[in-house]
Amino acid sequence: ASDIFDLAGMTFNINSPKQLGNVLFEELKLPKSKTNASGGYSTSVDVLEKLKMYPIVDKILYYRTVSKLYSTYAQGLLSAISSDGRIHSKFKQTVTATGRISSTDPNLQNIPIRTEIGRKIRKAFIPEEGFTIVSGDYSQIELRILAHIAQDKNMIKAFLDNEDIHTSTAAKVFSIPLQEVTKEQRYAAKAVNFGIIYGISDYSLSQDINVSVKNAGKYIKDYLEHYSGVKEYMERIVKTAIENGYVKTIYGRRRYLPELSSPKHSVREFGKRVALNAPIQGSAADIMKIAMIKVYNELKTKKLKSRLILQVHDELVIETSIDEIEEVKSILLHNMRDSFELSVPLEIDLSQQNSLLKG
DNA sequence: ATTCTCACG
DNA sequence: ACGTACGTGAGAATA
Ligand SMILES: [Mg+2]
């Protein structure tokens with residue numbers, strides 16, 4: 001923090017977006033871009049990432065990471081520990097619009113994993129004596145569901161051939177052999193794959209991966225030419241959403257979309273993106289819920305000591321008695337894999353470790 | 001109570 | 001011309 005004050009030539013509250021915005025964009029005259037809802041300067045990561053070349057910005061990003069981890073997790077979770085030494089979250093079944101569950105008091109579905117410091121926090125979640133942590137998580141479940149719902153021939157083939165979907169996508173979009181795909185190309189293809197599920201635009205993709213809007217537009221165009229079934233699905237789902245006023249998952253769960261008849265263009269566009277995303281995210285949630293119930297029941301029927309302790313949207317975590325590891329792995333594997341039969345296989349990654357942190 | 005930001009999938 | 005990626009929950013600042 002003192003480095004930041006030195007570089008700014010003044011003292012201020014770094015946690016105040018308003019004060020920070022004024023320091024960066026008024027005092028230091030850095031190039032400003034986005035404004036937030038109340039007309040102030042945005043100081044969010046995506047803005048600051050593009051200003052990283054300024055040493056003060058780089059330090060602010062680090063400060064943000066550390067203070068988030070400290071306040072929400074190091075400090076926040078400490079006060080959530082019960083007298084039994086464990087943290088008991090509440091899982092809400094009727095909150096989300098897509099069919100996912102959510103977790104509160106505290107939220108255990110957003111335990112850090114992406115940064116080094118974050119992983120140290122995750123590592124603090126450990127099993128009881130005599131137990132270990134066994135997890136199963138779906139590999140690329142949302143893209144597999146997209147391939148299935150859209151019945152896209154090329155995407156289905158890529159999954160049936162057990163290819164790395166991002167590398168495979170890169171090869172096709174850039175018209176090169178699989179072996180020649182570079183890291184950068186795979187990264188771009190991955191961003192497009194994710195973006196498609198959210199109803200991407202060329203502008204947003206360009207912002208996300210730092211390429212020109214024109215290039216981003218070309219990636220999307222080439223993508224949809226190769227995955228033409230996905231393109232047709234995107235058009236079809238929006239059309240049926242407008243006709244019916246709702247979309248549905250593979251199990252028939254509906255999401256109503258009043259946004260589609262809004263007089264405001266931006267709200268209608270949002271409705272279209274949701275029409276595209278909700279069946280995918282919601283179907284994944286359906287598949288997970290079915291698997292979860294089967295796993296729970298099998299643990300119970302077999303009178304195992306191991307217990308299901310956490311669900312994180314595409315992952316189940318079981319605190320496993322050390323004499324039940326192989327049995328629990330098998331229970332996770334078959335119940336998750338066979339939860340629902342898609343046009344592509346469902347692949348499960350199994351892991352076992354002595355904390356919530358893998359590896 | 002609301003806004004902004006950021007942790008996760 | 002428009003405006004710009006889906007779903008959550010929580011902490012700090014601000015009003
Ligand atoms: Mg996964």
Side-chain angles (χ1 to χ4, degrees), chain A residues 12-21 33-49 60-61 63-77 79-80 89-92 95-115 117-119 121-122 137-138 140-142 146 191-209 213 216-217 220 247 255 259 262-282 284-285 288 310-316 356:
Chain A
F12 64 102
N13 187 347
I14 307 169
N15 290 319
S16 164
K18 194 174 165 194
Q19 291 182 38
L20 179 61
S33 46
K34 277 204 302 193
T35 53
N36 55 38
S38 36
Y41 308 113
S42 171
T43 65
S44 60
V45 253
D46 44 310
V47 171
L48 297 188
E49 277 290 334
I60 289 164
L61 283 167
Y63 177 92
R64 280 259 177 89
T65 301
V66 174
S67 68
K68 176 75 171 188
L69 294 173
Y70 178 73
S71 64
T72 305
Y73 302 99
Q75 183 182 245
L77 289 176
S79 65
S89 176
K90 296 171 175 168
F91 290 91
K92 308 287 170 166
V95 167
T96 72
T98 55
R100 280 187 173 182
I101 61 176
S102 75
S103 160
T104 68
D105 306 306
N107 183 354
L108 289 187
Q109 288 181 322
N110 70 346
I111 300 304
I113 192 168
R114 292 175 191 171
T115 65
I117 307 174
R119 288 190 281 275
I121 291 171
R122 177 166 284 250
D137 82 277
Y138 285 107
Q140 307 296 354
I141 189 170
E142 294 195 345
L146 174 62
V192 182
N193 272 326
F194 271 104
I196 289 290
I197 290 173
Y198 301 147
I200 204 174
S201 72
D202 51 7
Y203 175 83
S204 319
L205 180 65
S206 75
Q207 289 296 302
D208 186 33
I209 61 176
V213 175
I220 296 170
V247 291
R255 175 159 180 181
E259 294 90 350
S262 166
K264 291 177 72 176
H265 176 260
S266 62
V267 176
R268 287 197 305 278
E269 289 302 310
F270 173 67
K272 292 179 188 175
R273 295 195 294 272
V274 172
L276 179 66
N277 175 264
I280 300 172
Q281 186 182 128
M288 174 53 100
L310 189 59
Q311 185 256 44
V312 193
H313 312 305
D314 72 343
E315 175 185 25
L316 291 178
L356 226 42

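Order of the sequence lines fixes the chain letters, A, B, ..., with proteins taken first and strands second; residue numbering starts at 1 for each chain.
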(request) Evaluate side-chain contact (heavy atoms from CB on, under 4.5 Å) for Phe194(A) paired with Ile200(A), printing each intermediate quantity in order. (result) CA-CA 9 Å; Phe194(A) 271 104; Ile200(A) 204 174; over 6 Å; no
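- Note on Thr104(A): only backbone sugar-phosphate atoms sit closer than 4.0 angstrom, heavy atoms only; bases stay farther off.
- The span of DNA chain C lying next to chain A, judged by atoms under 4.0 Å from heavy atoms, is bounded 5' to 3' by dC2(C) to dA15(C).
- With a cut-off of 3.5 Å on both Watson-Crick or G-U wobble distances, the partner of dA1(C) is given as none.
- Rounded to whole angstrom, the span from the CG atom of Leu77(A) across to the C1' atom of dA7(B) amounts to 11 Å.
- The interatomic distance linking Arg122(A) (CZ) with dA7(B) (P) rounds to 13 Å, in whole Å.
- When heavy atoms are screened at a 4.0 angstrom cut-off, Asp202(A) is found touching no nucleic acid atom at all.
- When the P atom is used for both dT5(B) and dA5(C), the distance is 15 Å, rounded to whole Å.
- Leu276(A) comes within contact range of no nucleotide atom at all, as no heavy-atom separation falls under 4.0 Å.
- Among the heavy atoms of the strands lying under 4.0 Å from Gln75(A) are primed sugar atoms or P, OP1, OP2 only; no base atom is included.
- Distance check, rounded to the nearest 0.5 Å: CD1 of Ile113(A) to CZ of Arg122(A) gives 4.0 Å.
- Between Glu142(A) and Arg100(A) there is a salt bridge, since a side-chain N of the basic residue sits under 4.0 Å from a carboxylate O of the acidic one.
- Side-chain contact between Ile111(A) and Leu310(A): absent, with no pair of heavy atoms (C-beta onward) separated by less than 4.5 Å.
- Base engagement by Arg114(A) is indicated by at least one non-hydrogen atom pair under 4.0 Å involving a base atom.
- A straight line from CD of Gln281(A) to C1' of dC8(B) spans 12 Å, rounded to a whole angstrom.
- Taking atom CD1 on Ile14(A) and atom P on dC4(B), their separation rounds to 20 Å, with Å as the unit.
- Looking at heavy-atom distances under 4.0 Å, Phe270(A) makes contact with sugar-phosphate atoms alone, never a base.
- Nucleic acid contact for Ala191(A): base, since at least one base atom lies under 4.0 Å from a heavy atom of the residue.
- Across all strands shown, Ser71(A) has heavy atoms under 4.0 Å from sugar-phosphate atoms exclusively, and none from any base.
- Ser89(A) places a side-chain N or O within 3.5 Å of a backbone atom of Thr104(A) that can act as its donor or acceptor partner.
- Taking atom OH of residue Tyr63(A) and atom C1' of nucleotide dC6(B), one finds them 14 Å apart after rounding to whole Å.
- Between Ser16(A) and the choices Ile14(A), Leu20(A), Asn13(A), the side chain to side chain contact (heavy atoms under 4.5 Å, CB included) rule is met once, by Asn13(A).
- Residue-level contact check: Gln19(A) touches the backbone only, with heavy atoms under 4.0 Å from sugar-phosphate atoms and none from bases.
- Residue Ala278(A) is classed as having no contact, given no heavy-atom separation below 4.0 Å to the nucleic acid.
- Atom CG of Asn107(A) and atom P of dG9(B) are 11 Å apart (whole Å).
- When both pairing distances are held under 3.5 Å, dG11(C) makes a Watson-Crick or G-U pair with dC4(B).
- With rounding to whole Å, Asp46(A) atom CG is found 8 Å from dC6(B) atom P.
- Between dT4(C) and dC4(B), the distance separating the two P atoms is 14 Å to the nearest Å.
- Closest to the side chain of Leu69(A), from the set dC4(B), dA7(B), dC6(B), is dA7(B).
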(request) Check step by step if side-chain contact (heavy atoms from CB on, under 4.5 Å) holds for Asn110(A) and Tyr73(A). (result) CA-CA 10 Å; Asn110(A) 70 346; Tyr73(A) 302 99; 3.3 Å; yes
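- Across all strands shown, Arg268(A) has no heavy atoms under 4.0 Å from either base or sugar-phosphate atoms.
- At least one side-chain nitrogen or oxygen of Thr43(A) sits closer than 4.0 Å to the OP1 or OP2 atom of dT5(B).
- In this structure, Arg100(A) places its CZ atom 5 Å from C1' of dG9(B), rounding to the nearest Å.
- Within the 4.0 angstrom heavy-atom criterion, no nucleotide atom of any strand lies near Ile196(A).
- Two residues are said to be in side-chain contact when any heavy atoms from C-beta on lie closer than 4.5 Å; Asn277(A) and Ile197(A) meet this criterion.
- Annotation: the span from Glu315(A) atom CD to Met288(A) atom CE amounts to 7.5 Å, rounded to 0.5 Å.
- As judged by a 4.0 angstrom heavy-atom cut-off over every strand, Lys18(A) is placed among residues touching the sugar-phosphate backbone only.
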